[in-house]
J.: 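Attaching a single structure in structure tokens format; questions to follow.
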Amino acid sequence: MFITLLSLFSFSNTDLPSVKIPYIDKLVHFTFYGIATLLGVLSLKEHFTLKKVKTVIVWYLVVVLVGYGIIIEILQDTITVTRSAEFLDFVANTIGVFIGLFIAKQLFLKERILK
């Protein structure tokens with residue numbers, strides 16, 4: 001809910017000095033969606049034990065997160081005055097989801113075989 005509100009409302013204070021870093025918002029999108037994927041996978045790992053079920057549920061998580069990113073971009077373009085939809089935001093969101101999934105698979109979803 002908090003992230004949705006931050007995505008749809010603009011908070012700026014022109015009295016404060018600021019540093020302009022080009023495309024920093026893309027890094028923020030990438031990081032948020034990567035972390036959301038990692039947390040989602042960790043949560044799902046605790047709730048589901050069968051490997052086949054886990055795989056299907058993780059792909060549902062990917063679809064939901066990518067869909068959420070699309071919906072937020074559409075809402076920014078249609079219901080806000082200070083924000084607009086950006087294709088590169090969507091790309092950063094999607095790459096973040098897939099990198100987060102890759103990291104989660106490497107760290108949490110691999111079957112550990114003892115020798």
J.: Is there a path from V66 to F87 through hydrophobic residues (I, L, V, M, F, W, Y) whose side chains come within less than 4.5 Å of each other?
T.: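 Looking at the clustering, F87 is in the same group as V66.
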J.: If you round to the nearest 0.5 Å, how far is NZ of K45 from CG of L42?
T.: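 Those atoms lie 7.0 Å apart.
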J.: Enter the distance from I74:CD1 to F90:CZ here, rounded to the nearest 0.5 Å.
T.: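 Rounded to the nearest 0.5 Å, the CD1-CZ separation comes out at 10.0 Å.
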J.: Tell me the closest heavy-atom pair linking V41 and A104, and the distance in Å.
T.: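 The answer is CG1-CB, 3.7 Å.
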J.: Just by distance, do the side chain of E73 and the backbone of D89 share a donor-acceptor pair under 3.5 Å?
T.: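 Checking the backbone N and O of D89 against the side chain of E73, no donor-acceptor pair under 3.5 Å is found.
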J.: Please say yes or no: joined through hydrophobic side-chain contacts below 4.5 Å, possibly via intermediate residues, are L27 and I35 part of one cluster?
T.: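 No, it is not one cluster - the side chains of L27 and I35 are not joined through contacts under 4.5 Å.
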J.: Same cluster for Y60 and V62 if Ile/Leu/Val/Met/Phe/Trp/Tyr side chains link at under 4.5 Å?
T.: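 Y60 and V62: one cluster.
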J.: Is there a side-chain contact (heavy atoms from CB on, under 4.5 Å) between W59 and V56? Walk through the geometry before answering.
T.: CA-CA 5 Å; W59 282 107; V56 171; over 6 Å; no
J.: Is there a side-chain contact between N93 and F30 in this structure, where contact means two heavy atoms from C-beta onward sitting under 4.5 Å apart?
T.: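 SC-SC contact between N93 and F30 ruled out.
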J.: Over 60° means perpendicular and under 30° means parallel, so tell me whether Y33 and H29 are parallel, tilted or perpendicular.
T.: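 The rings of Y33 and H29 lie parallel, inter-plane angle below 30°.
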J.: Are V58 and V63 joined in one hydrophobic group, where the rule is that I, L, V, M, F, W and Y side chains link up if heavy atoms are under 4.5 Å apart?
T.: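 No: no chain of side-chain contacts under 4.5 Å links V58 to V63.
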J.: State the CD1-CG distance between I70 and L65, to the nearest 0.5 angstrom.
T.: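 Nearest 0.5 Å value for the CD1-CG distance: 11.5 Å.
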J.: What's the verdict on side-chain contact (heavy atoms from CB on, under 4.5 Å) for E86 and Q76, showing C-alpha distance, side-chain angles and the deciding distance?
T.: CA-CA 9 Å; E86 291 186 36; Q76 284 180 346; over 6 Å; no
J.: Just one of I99, I103, L101 clears the side-chain contact (heavy atoms from CB on, under 4.5 Å) bar with L38, so which one?
T.: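 Answer to the side-chain contact (heavy atoms from CB on, under 4.5 Å) test with L38 among I99, I103, L101: I103.
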J.: Quick check: does any side chain N or O of S43 sit under 3.5 Å from a backbone N or O of L39, one acting as donor and the other as acceptor?
T.: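 Not confirmed, S43 side chain does not pair with L39 backbone.
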J.: Using 0.5 Å steps for rounding, measure from the NZ atom of K105 to the OG1 atom of T37.
T.: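 K105 atom NZ to T37 atom OG1 measures 12.5 Å (nearest 0.5 Å).
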J.: How far does CG of L88 sit from CD1 of I95, to the nearest 0.5 angstrom?
T.: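 The CD1 atom of I95 is 9.0 Å from CG of L88, to the nearest 0.5 Å.
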J.: Give the cluster check for I72 versus V28: same hydrophobic cluster or not, with ILVMFWY residues linked at side-chain heavy-atom distances below 4.5 Å.
T.: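 Result: no, two separate clusters.
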